[in-house]
Structures are given as structure tokens and as C-alpha cells.
Amino acid sequence: MAMELQGSCRCGAVTFGCRSHTPYPYQLCYCSICRKTAGGGGFAINMMADHQTLRVTGKKSLGVYRASLCDDNGGRCEMSGGERNFCTSCGSALWLYDPRWPELVHPFASAIDTDLPVPPRRTHLMLRYKANWVAPDVGPNDLQFDLYPEQSIEAWHRQHRLWID
Ligand SMILES: [Zn+2]
């Protein structure tokens, strides 16, 4: 049975629940979008759950942010397909939904109220974009990537035998 995750914004206007086969918060993203919208410590932790299990109360308080992504030379920019849902009352980042992967939803670990399992090792990604003052806390078994890791969240959980049916 997949794990039930309960989440909320800080002010309580929005609460949500979803089920996840992959509840280990192991993936730390240092990109500027995650840092600025959900990562005061320099990164955000993105999780993964089944979109069809997502239940939301307080939908009228949801805002959606789509980031503009520019290439490294400051040239071409385009609108990200990812829809970052946040509370319009208190500003808490809640989850990312991308219509290109409609079966998934990516809650931010920071919005989850359920006790989560502690990952045995962590993956640090998008380090190319981290702020200069951020000193990643890299454990001896952690993995680090300039951009995206090779492994999906599902593959990581299966490799570590942490996938929950
Ligand atoms: Zn709120």
C-alpha cells in the first residue's frame, strides 16, 4: 500500500493529501526556481506521488506559477510546462504538476506534515545553479550532479528497495 502523505500551507487555507510509492525525501534541487520559491536553505526537496490520488481543500487559495526558463547565455527564454502550486494567502510552495507527466504530482517535502522516512543517502542536483553562499551538506554516500541525476525517483527507490507497492 502506497504511503499516505498529508500536506498543508502555513496558514491552513490549503490542505492536501496524496499517496506515494516513493516517500523518501532524498532529492535536493539547488536550481534558482527551487531556491527562490521553496528553498530558503539553498535547495528544495521534491517528492513524487500519484496525481490521481491528490485531494485538495481550499482550491480557491491556490495560485499557479510557471517559471520562465532561459538558456545559460541569457538568450532564448521559454515558459516552463511545470505548474508550481502555492498558497496565495501565505505563499507556501505546495507541489509541482506537469501536464507532460499527468500521472505524477511532485509535492515539496517542506509542505508535508506526515512524518517521512529518513533517506539513507541523498542526491544533490542542479548544483551548477546553486547560490555561491550555499555549502551543500554532502554525506559520504550522497550523489552530486551539475544538472539532473541519471536515475528517476522511481528507479532510486527500487534500487534501494524502498519502493512501496
Ligand atoms: Zn496559506
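Start at 1 and go down the list; that is how both ligands and their atoms are numbered.
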* To do: Could you list the residues that satisfy ring-ring contact (aromatic ring centres under 6.0 Å, His included) with Y97, not counting sequence neighbours?
  => H51
* Structure fact -> E78 meets the salt bridge (Lys or Arg N to Asp or Glu O under 4.0 Å) criterion, sequence neighbours left out, with R76
Donor-acceptor contacts under 3.5 Å from residues 157-165 side chains, at least two apart:
| unit_1 | atom_1 | unit_2 | atom_2 | d |
| --- | --- | --- | --- | --- |
| H157 | ND1 | I153 | O | 2.9 |
| H157 | NE2 | T22 | O | 3.4 |
| H157 | NE2 | Y24 | N | 3.1 |
| R158 | NE | E154 | OE2 | 2.9 |
| R158 | NH2 | E154 | OE2 | 3.1 |
| Q159 | OE1 | Q151 | NE2 | 2.6 |
| H160 | ND1 | W156 | O | 2.8 |
| H160 | NE2 | R121 | NH1 | 3.3 |
| W163 | NE1 | D165 | OD1 | 3.0 |

* Asked: Is there a side-chain contact (heavy atoms from CB on, under 4.5 Å) between R122 and D137 once you walk through the steps?
  -> CA-CA 10 Å; R122 303 187 299 171; D137 179 17; 3.9 Å; yes
* Least distance between heavy atoms, D113 atom then G7 atom -> OD2-C, 3.5 Å
* In this structure, are over 12 heavy atoms from other groups packed under 6.0 Å from D146 atom CG? -> yes
* To do: Sort by chain and number the protein N/O/S atoms found under 2.8 Å from the Zn ion (ligand 1).
  => C9 SG, C11 SG, C87 SG, C90 SG
